[in-house]
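We count ligands from 1, going down the list as the structure has it; atoms in each ligand are counted the same way. Below, all heavy atoms of this structure are taken into account, side chains as well, without hydrogens, waters or symmetry copies. Please read all numbers here as calculations on a predicted model, not as lab measurements.
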Amino acid sequence: MSKRGRFITLEGGEGVGKSTNVGFVAEWLEAQGLEVVRTREPGGTVRGEAIRALLLDPAPQETLHVDAELLLMFAARAQHLAEKILPALARGAWVVCDRFTDATFAYQGGGRGIAKQRIAVLEDFVQKGLSPDLTLLLDMPKEAASQRLESRLSDRQEQRDRFEQEQGDFFQAVREAYLARAAEAPDRFAVIDAQQSLNAVQAQIEQALLARVTAWH
Ligand code: Z5A
């Protein structure tokens with residue numbers, strides 16, 4: 001029977017480099033001969049991606065209630081776990097996911113002000129004890145991250161999504177909530193200084209991976 005795979009998540013505010021570095025982590029693991037499944041939240045499945053579109057719609061017909069937003073995040077997550085993450089881990093694949101439940105504590109908790117205890121109830125209900133083995137938190141001041149995001153949006157001529165339309169205070173609260181989560185679980189989290197050059201960021205990520213992967217593999 002194959003050994004259970006490991007679950008690695010990348011977290012951080014908007015524009016810190018998560019999407020860029022999901023590829024780096026996956027390729028690094030593949031180079032060690034591991035089967036890797038790359039995925040993201042909200043999304044990762046056909047139904048989950050439909051929920052993502054609903055959540056990110058920048059021009060909704062009506063305001064999305066914060067509780068509805070929270071429940072949609074976990075609805076997409078339940079489908080993602082059942083259809084993709086748990087089967088992959090069970091067959092021994094490693095899962096690299098762009099955002100997971102720490103994002104819910106940061107955005108719906110820190111950003112929207114929902115009590116942590118209410119989020120934790122849903123976390124238990126949906127995840128039944130599963131949590132990532134390693135979380136790479138890409139951390140940088142929100143002003144610098146906004147500049148990066150701005151230049152990516154203009155390069156690709158993309159529109160801001162519903163979350164990207166929030167103001168500075170929201171992103172400051174998100175950053176603080178992420179750092180608080182990392183402080184509560186220092187063994188699971190590696191906090192990466194995301195303001196450095198891409199090479200320097202990836203050197204930090206490689207250090208974090210090396211330290212764990214050797215022990216797990
Ligand atoms: N959300 C939530 O509220 N609750 C939840 O539970 C979950 C999510 C799971 C969608 O996520 C939204 O869902 C998200 C939170 C919410 N909203 N926000 N904000 P998303 O992950 O798709 O959205 P995002 O954070 O906006 O991701 P992003 O815009 O794709 O940013 P990123 O992935 O962190 O950054 P990137 O695209 O890799 O990099 C941005 C640019 O910087 C790009 O041009 C890169 O080439 C460049 N870059 C990257 N690294 C560097 C370095 N080191 N130096 C210089 N330039 C760099």
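R52 has no carboxylate O lying under 4.0 Å from a charged side-chain N of D57, or vice versa, which leaves the two without a salt bridge. R162 and E69 are joined by a salt bridge, as a carboxylate oxygen and a charged side-chain nitrogen come within less than 4.0 angstrom of each other.
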Write out each pair where an N or O from ligand 1 and one from the protein are under 3.5 Å apart, with the distance.
{"unit_1": "ligand 1", "atom_1": "3 (O)", "unit_2": "Q108", "atom_2": "OE1", "d": "3.4"}
{"unit_1": "ligand 1", "atom_1": "3 (O)", "unit_2": "Q108", "atom_2": "NE2", "d": "2.9"}
{"unit_1": "ligand 1", "atom_1": "4 (N)", "unit_2": "Q108", "atom_2": "OE1", "d": "2.8"}
{"unit_1": "ligand 1", "atom_1": "6 (O)", "unit_2": "R77", "atom_2": "NH2", "d": "3.1"}
{"unit_1": "ligand 1", "atom_1": "6 (O)", "unit_2": "T104", "atom_2": "N", "d": "3.2"}
{"unit_1": "ligand 1", "atom_1": "6 (O)", "unit_2": "T104", "atom_2": "OG1", "d": "2.6"}
{"unit_1": "ligand 1", "atom_1": "11 (O)", "unit_2": "R99", "atom_2": "NE", "d": "3.1"}
{"unit_1": "ligand 1", "atom_1": "21 (O)", "unit_2": "R99", "atom_2": "NE", "d": "2.8"}
{"unit_1": "ligand 1", "atom_1": "22 (O)", "unit_2": "R52", "atom_2": "NH2", "d": "2.6"}
{"unit_1": "ligand 1", "atom_1": "25 (O)", "unit_2": "K18", "atom_2": "NZ", "d": "3.0"}
{"unit_1": "ligand 1", "atom_1": "25 (O)", "unit_2": "R99", "atom_2": "NH2", "d": "2.4"}
{"unit_1": "ligand 1", "atom_1": "26 (O)", "unit_2": "E164", "atom_2": "OE2", "d": "2.9"}
{"unit_1": "ligand 1", "atom_1": "29 (O)", "unit_2": "R152", "atom_2": "NH1", "d": "3.0"}
{"unit_1": "ligand 1", "atom_1": "29 (O)", "unit_2": "R152", "atom_2": "NH2", "d": "3.2"}
{"unit_1": "ligand 1", "atom_1": "30 (O)", "unit_2": "S19", "atom_2": "OG", "d": "3.2"}
{"unit_1": "ligand 1", "atom_1": "30 (O)", "unit_2": "R152", "atom_2": "NH1", "d": "2.8"}
{"unit_1": "ligand 1", "atom_1": "31 (O)", "unit_2": "G15", "atom_2": "N", "d": "3.1"}
{"unit_1": "ligand 1", "atom_1": "33 (O)", "unit_2": "K18", "atom_2": "N", "d": "3.4"}
{"unit_1": "ligand 1", "atom_1": "33 (O)", "unit_2": "S19", "atom_2": "N", "d": "2.8"}
{"unit_1": "ligand 1", "atom_1": "33 (O)", "unit_2": "S19", "atom_2": "OG", "d": "2.6"}
{"unit_1": "ligand 1", "atom_1": "34 (O)", "unit_2": "V16", "atom_2": "N", "d": "3.1"}
{"unit_1": "ligand 1", "atom_1": "34 (O)", "unit_2": "G17", "atom_2": "N", "d": "2.9"}
{"unit_1": "ligand 1", "atom_1": "34 (O)", "unit_2": "K18", "atom_2": "N", "d": "2.9"}
{"unit_1": "ligand 1", "atom_1": "34 (O)", "unit_2": "K18", "atom_2": "NZ", "d": "2.6"}
{"unit_1": "ligand 1", "atom_1": "35 (O)", "unit_2": "G17", "atom_2": "N", "d": "3.1"}
{"unit_1": "ligand 1", "atom_1": "37 (O)", "unit_2": "R152", "atom_2": "NH1", "d": "2.8"}
{"unit_1": "ligand 1", "atom_1": "38 (O)", "unit_2": "S19", "atom_2": "N", "d": "3.4"}
{"unit_1": "ligand 1", "atom_1": "38 (O)", "unit_2": "T20", "atom_2": "N", "d": "2.9"}
{"unit_1": "ligand 1", "atom_1": "38 (O)", "unit_2": "T20", "atom_2": "OG1", "d": "2.5"}
{"unit_1": "ligand 1", "atom_1": "53 (N)", "unit_2": "R148", "atom_2": "NH2", "d": "3.4"}
{"unit_1": "ligand 1", "atom_1": "53 (N)", "unit_2": "Q196", "atom_2": "O", "d": "3.0"}
{"unit_1": "ligand 1", "atom_1": "53 (N)", "unit_2": "L198", "atom_2": "N", "d": "3.3"}
{"unit_1": "ligand 1", "atom_1": "54 (N)", "unit_2": "R148", "atom_2": "NH2", "d": "3.3"}

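Between the side chains of D169 and Q172, no donor-acceptor pair of N or O atoms lies under 3.5 Å.
Note that the CD atom of E11 and the CD atom of E41 stand 9.0 Å from one another [nearest 0.5 Å].
Both cation-pi conditions hold for R77 and F74: the charged atom is under 6.0 angstrom from the six-membered ring centre and inside a 45 degree cone around its axis.
Listed by chain and residue number, nothing satisfies the ring-ring contact (aromatic ring centres under 6.0 Å, His included) test with F171 (two or more places apart in sequence, or in another chain).
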